[in-house]
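Below is one structure, written out as structure tokens; comments come after it.
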Amino acid sequence: MNFLDIRTDFAFKKVFGSEGSKDILISFLNALINFNGRLIRDLTIVDPYNIPMLKGMKDTYVDVKAELDDGSRVIIEMQVLNHEGFEKRILYNAAKNYSAQLGKGEQFHLLNPVIALTLTDFVMFPGQPLTNCFKLLEKARFIEYSGDIELVFIELPKFTKTEAELDSVQDKWLYFIKNAGKLDCIPKNLGQEQEKAFAIANEANLSAEELDLQHRKRDFILIQKSSIDLALRQGQEQGLKLGIQQGLEQGIQQGLEQIAQNRRTTIINAHQAGLNPATIAAIVQLSVAEVEAVLADVS
């Protein structure tokens, strides 16, 4: 069997944002987000997966939106490539979805919380854990101002568990997202929701139109990654050459400074030993005037 690479925007939307994906999305969100001890029992998928809606998209993102049983909104996004302004876009998107709940003249108490869950295929916070959550806090004493907008980031490169090490539902979902595109069979010991997700991601169950879109999405990402890798490699090579050149120039300068210091010391020592400037000049291979200038400087 061949499965979709879930890290592409198309496949992520297909698995978690389809009409029949409600139970999958409920399991996924309950596993990845801390809802203060409660579990989501029901939700509505907003703007379900639709091929025409996805067609023609290149470097834009696709998110999965859900309204939970308590009225809260969740925006789920899979981001493969980092880019300038990415963090600001996540915050902007969350704030926009928060403010868009109110119509003209409606009361602010009607606003429901918004959670932006972002899974990245790159490291955003080096040295920090797999999952990082942000919300409005007083910065000195960490008093919570509001939990109405919460940003949750999960960095897939930090998830390194093997199939044999999968203990929790969260482990199984992250393993599915990170590895499904490389597997040729469904792993054992999965829950009903993960098995259903694998069935949706099975390329044998996709139309020719869906497969074409998936392959174009995957190729686009590979091209973008290759371009980034090439730019980094060229930058490193250029930096290395520049560093070598600067190192040589610095080394030459330091060597000349050391030679000048050695000559100065020799001139002073020879003068103290009673040698005249002409003799000293012959020893250090300088003119008599240059020797006399050094002696005048130290007298």
Side-chain angles (χ1 to χ4, degrees), residues 1-17 21 23-36 39-40 61-64 66 74-83 86-87 89-90 94 115-135 150-203 214 217-218 221-222 224-226 228-229 232:
M1 290 185 283
N2 293 318
F3 301 100
L4 298 174
D5 185 344
I6 310 303
R7 294 169 298 177
T8 63
D9 48 17
F10 157 72
F12 193 86
K13 181 86 172 181
K14 169 74 174 175
V15 171
F16 294 104
S21 297
D23 54 342
I24 292 177
L25 190 55
I26 289 175
S27 171
F28 177 73
L29 292 179
N30 280 330
L32 268 66
I33 298 178
N34 180 7
F35 292 103
N36 297 319
L39 294 178
I40 299 170
Y61 67 94
V62 173
D63 54 23
V64 175
V74 181
I75 311 162
I76 312 105
E77 180 183 339
M78 177 70 235
Q79 185 70 24
V80 177
L81 301 172
N82 200 356
H83 59 80
F86 165 64
E87 298 91 341
R89 178 172 64 74
I90 295 297
I115 301 172
L117 171 61
T118 305
L119 294 96
T120 67
D121 203 27
F122 50 87
V123 173
M124 291 185 64
F125 311 105
Q128 299 304 314
L130 170 70
T131 302
N132 292 281
C133 302
F134 300 89
K135 55 186 176 180
E150 186 173 352
L151 309 182
V152 182
F153 295 91
I154 298 178
E155 302 157 277
L156 291 179
K158 294 179 180 178
F159 181 78
T160 58
K161 289 188 176 183
T162 64
E163 182 182 342
E165 297 171 324
L166 304 181
D167 296 322
S168 65
V169 179
Q170 182 182 99
D171 288 346
K172 294 172 183 178
W173 277 124
L174 293 180
Y175 184 84
F176 165 72
I177 293 172
K178 187 172 182 179
N179 297 291
K182 298 180 288 187
L183 301 177
D184 55 12
C185 63
I186 300 177
K188 299 178 180 179
N189 302 321
L190 295 182
Q192 181 179 351
E193 290 80 11
Q194 289 91 39
E195 291 180 354
K196 182 177 177 180
F198 267 103
I200 295 175
N202 190 342
E203 291 189 354
Q214 164 67 3
K217 291 282 186 177
R218 182 188 59 196
I221 290 172
L222 291 175
Q224 294 300 307
K225 281 190 170 183
S226 298
I228 293 171
D229 291 342
L232 288 173

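- For the pair Lys158/Leu174, no side-chain contact is recorded, criterion being any heavy-atom separation below 4.5 Å from C-beta on.
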> Would Met78 and Asp121 count as a side chain to side chain contact (heavy atoms under 4.5 Å, CB included) if you check the C-alpha gap in whole Å, the side-chain angles of each, and the deciding distance to 0.1 Å?
Replying inline: CA-CA 8 Å; Met78 177 70 235; Asp121 203 27; 4.1 Å; yes

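- Scored by the side-chain contact (heavy atoms from CB on, under 4.5 Å) test, Asn202 finds Met1, Phe3, Ala204, Asn205 as partners (sequence neighbours excluded).
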>> Please determine whether side chain to side chain contact (heavy atoms under 4.5 Å, CB included) holds for the pair Ile200 and Ile24, giving the CA-CA distance in whole Å, both sets of side-chain angles, and the decisive distance to 0.1 Å.
In response: CA-CA 10 Å; Ile200 295 175; Ile24 292 177; 3.5 Å; yes

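- In this structure Glu165 satisfies the side-chain hydrogen bond (donor to acceptor under 3.5 Å, both in side chains) test together with Thr162, sequence neighbours excluded.
- By the 4.5 Å heavy-atom criterion applied to side chains, Gln194 and Pro187 are not counted as neighbours.
- For the pair Ile6 and Phe12, the tightest heavy-atom approach, listed with the atom from each and the gap, is O-CB, 3.5 Å.
- The two residues Leu151 and Ala94 make their nearest non-hydrogen contact at CD2-CB, 3.9 Å.
- Ring-plane geometry between Phe153 and Phe86 is classed as perpendicular, the angle between the planes exceeding 60 degrees on a 0 to 90 degree scale with a lower cut at 30.
- With contacts defined as side-chain heavy-atom distances shorter than 4.5 Å, the pair Ile115/Leu29 does not qualify.
- For the atom pair CD1 (Ile177) and CG (Leu156), the distance works out to 6.5 Å, reported to the nearest 0.5 Å.
- Put simply, the side chain of Lys13 gets close to the backbone of Asp63: a donor and an acceptor are under 3.5 Å apart.
- Checked against side-chain hydrogen bond (donor to acceptor under 3.5 Å, both in side chains), Asn179 has the following partners two or more places apart in sequence or in another chain: Lys182.
- Side-chain contact check for Val152 versus Thr131: some heavy-atom pair is nearer than 4.5 Å.
- With Val64 as the partner, the side chain to side chain contact (heavy atoms under 4.5 Å, CB included) test is satisfied by one option alone out of Val74, Val15, Ile76: Ile76.
- When side chains are defined from C-beta on, Gln79 counts as touching Phe122, because their heavy atoms get closer than 4.5 Å.
- Rounding to the nearest 0.5 Å gives a distance of 12.0 Å between CG of Asn30 and CD of Gln170.
- Two residues are said to be in side-chain contact when any heavy atoms from C-beta on lie closer than 4.5 Å; Glu155 and Phe125 meet this criterion.
- When the ring pair (Phe, Tyr, Trp, His ring centres under 6.0 Å) test is applied to Phe35, no partner is found at least two apart in sequence or on another chain.
- Heavy atoms only, all atoms of each residue included: Thr8 and Asp5 are closest at OG1-O, 3.0 Å.
- A search for salt bridge (Lys or Arg N to Asp or Glu O under 4.0 Å) contacts involving Glu150 returns nothing, not counting sequence neighbours.
- Taking 4.5 Å as the limit, every side-chain heavy atom of Ile154 sits out of range of all side-chain heavy atoms of Phe159.
- Under the 3.5 Å distance criterion, the side-chain polar atoms of Lys172 are left unmatched by any main-chain donor or acceptor of Leu190.
- With rounding to the nearest 0.5 angstrom, the OG atom of Ser168 is 14.0 Å from the OH atom of Tyr175.
- In this structure the side chain of Glu77 reaches within 4.5 angstrom of the side chain of Ile90, judged on heavy atoms.
- Going from atom CG of Asn189 over to atom CG of Leu166 covers 9.0 Å, rounded to the nearest 0.5 Å.
- With sequence neighbours left out, Lys196 forms a salt bridge (Lys or Arg N to Asp or Glu O under 4.0 Å) with Asp23.
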